[in-house]
Amino acid sequence: IEFCKELTEMEKRAGRVPEGMSYQLPTEAQWEYACRAGTTTQFSFGDDESKLGDYAWYGENSNDRTHPVGEKKPNAWGIHDMYGNVGEWCQDWYGEYPSGAVTDPTGPATGSHRVSRGGYWSYTAVNCRSARRFRGNPSYRSNDGGFRVSLSPSGK
């Protein structure tokens, strides 16, 4: 979150961030939307987990290490490494999903654990699927964790 704030300020000074926009961690809903790339299957490429190695570094092919982004196939929207490689922190605090249909939900206002999505290089295929969610203490550090940023309306 602090990185996103500093990146926003640096990019605003350089004139590369439109007024009213800022870099943020994606919400859990935004992350899953980008991951799925318009699909409803277990993975953006379908339900056949044997194809995961074409799209992700995970327990069966990672050699127990993080890899540079972009070495595997992207999803249909051109986004790389949504599965495996590193677990990605989301903006949301971890909590139960709301009951009933919602549009662009956010997690609870507070909590002790943040949401992490995408799986890790050490995980099995089933733990890398689009809907899989994890929780972790925000102070936790590891060599298989990371984040991606999104450019979003400020205060969103």
Side-chain angles (χ1 to χ4, degrees), residues 1-40 43-45 52 54-59 62-98 101-123 127-156:
I1 293 170
E2 287 302 316
F3 175 86
C4 290
K5 288 177 185 175
E6 289 184 31
L7 178 61
T8 298
E9 290 308 311
M10 181 178 73
E11 293 293 286
K12 281 184 177 182
R13 285 191 301 273
R16 292 187 289 253
V17 173
E19 192 62 38
M21 302 292 282
S22 64
Y23 288 101
Q24 300 174 28
L25 294 178
T27 65
E28 183 177 10
Q30 290 167 338
W31 189 97
E32 188 169 332
Y33 181 81
C35 177
R36 288 185 176 281
T39 67
T40 58
F43 301 96
S44 64
F45 54 84
L52 183 60
D54 293 338
Y55 296 86
W57 295 109
Y58 70 114
S62 69
N63 294 320
D64 296 330
R65 66 181 182 88
T66 302
H67 293 264
V69 172
E71 294 182 338
K72 296 292 186 174
K73 290 181 180 180
N75 68 16
W77 291 351
I79 306 172
H80 289 268
D81 294 278
M82 294 300 293
Y83 304 111
N85 211 16
V86 298
E88 298 181 9
W89 289 110
C90 293
Q91 181 176 307
D92 297 355
W93 291 103
Y94 187 88
E96 297 301 317
Y97 284 144
V102 293
T103 300
D104 200 16
T106 58
T110 63
S112 59
H113 292 88
R114 292 258 186 209
V115 174
S116 175
R117 299 294 295 263
Y120 299 80
W121 51 252
S122 60
Y123 280 23
N127 283 320
C128 293
R129 62 190 170 79
S130 300
R132 188 69 165 102
R133 62 198 303 244
F134 305 95
R135 65 179 177 199
N137 186 309
S139 65
Y140 176 72
R141 304 291 182 263
S142 71
N143 63 355
D144 62 355
F147 61 94
R148 73 177 64 225
V149 298
S150 65
L151 186 60
S152 304
S154 298
K156 194 80 163 116

Hey, does [Y] have a side-chain heavy atom less than 4.5 Å from the side chain of [X]?
X: Cys128; Y: Met82; answer: no
X: Val17; Y: Tyr23; answer: yes
X: Gln91; Y: Gln24; answer: yes
X: Leu25; Y: Ser150; answer: no
X: Ile79; Y: Pro74; answer: no
X: Glu28; Y: Arg133; answer: yes

Do you know the tightest heavy-atom contact between [X] and [Y]?
X: Asp64; Y: Trp121; value: CA-CZ3, 3.3 Å
X: Ser44; Y: Ser130; value: N-OG, 3.9 Å
X: Asp144; Y: Thr66; value: CA-OG1, 4.2 Å
X: Gly95; Y: Pro108; value: CA-CG, 3.9 Å

Can you name the side-chain contact (heavy atoms from CB on, under 4.5 Å) partners of [X], sequence neighbours left out?
X: Pro138; result: Trp93, Arg114
X: Glu71; result: Trp57, His67, Pro68
X: Ala131; result: Glu32, Arg36, Arg129
X: Arg135; result: Tyr94, His113

In chain order, what residues pass the ring pair (Phe, Tyr, Trp, His ring centres under 6.0 Å) check against [X], with sequence neighbours excluded?
X: Tyr123; result: Tyr120, Phe134
X: Tyr33; result: Trp77
X: Tyr140; result: none
X: Phe43; result: Phe45, Tyr83

Could you grab the distance from atom NZ of Lys72 to atom CG of Leu52, nearest 0.5 Å is fine?
->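 Between atom NZ of Lys72 and atom CG of Leu52 there are 8.5 Å.
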Taking salt bridge (Lys or Arg N to Asp or Glu O under 4.0 Å) as the test, write out the residues that go with [X], two or more places apart.
X: Glu9; result: none
X: Lys73; result: none
X: Arg13; result: none

Is there any salt bridge (charged side-chain N to carboxylate O under 4.0 Å, His left out) pair reaching into residues 79-93, and which pairs are they, with sequence neighbours excluded?
-> Glu88-Arg148
Would you say Arg117's side chain and Cys90's backbone share a donor-acceptor pair under 3.5 angstrom?
-> no
Just by distance, do the side chain of Asn137 and the backbone of Ser139 share a donor-acceptor pair under 3.5 Å?
->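 Judged by distance alone, yes, a pair lies under 3.5 Å.
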Do Trp89 and Ser116 have side-chain atoms, one donor and one acceptor, less than 3.5 Å apart?
->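 Result is no, nothing qualifies.
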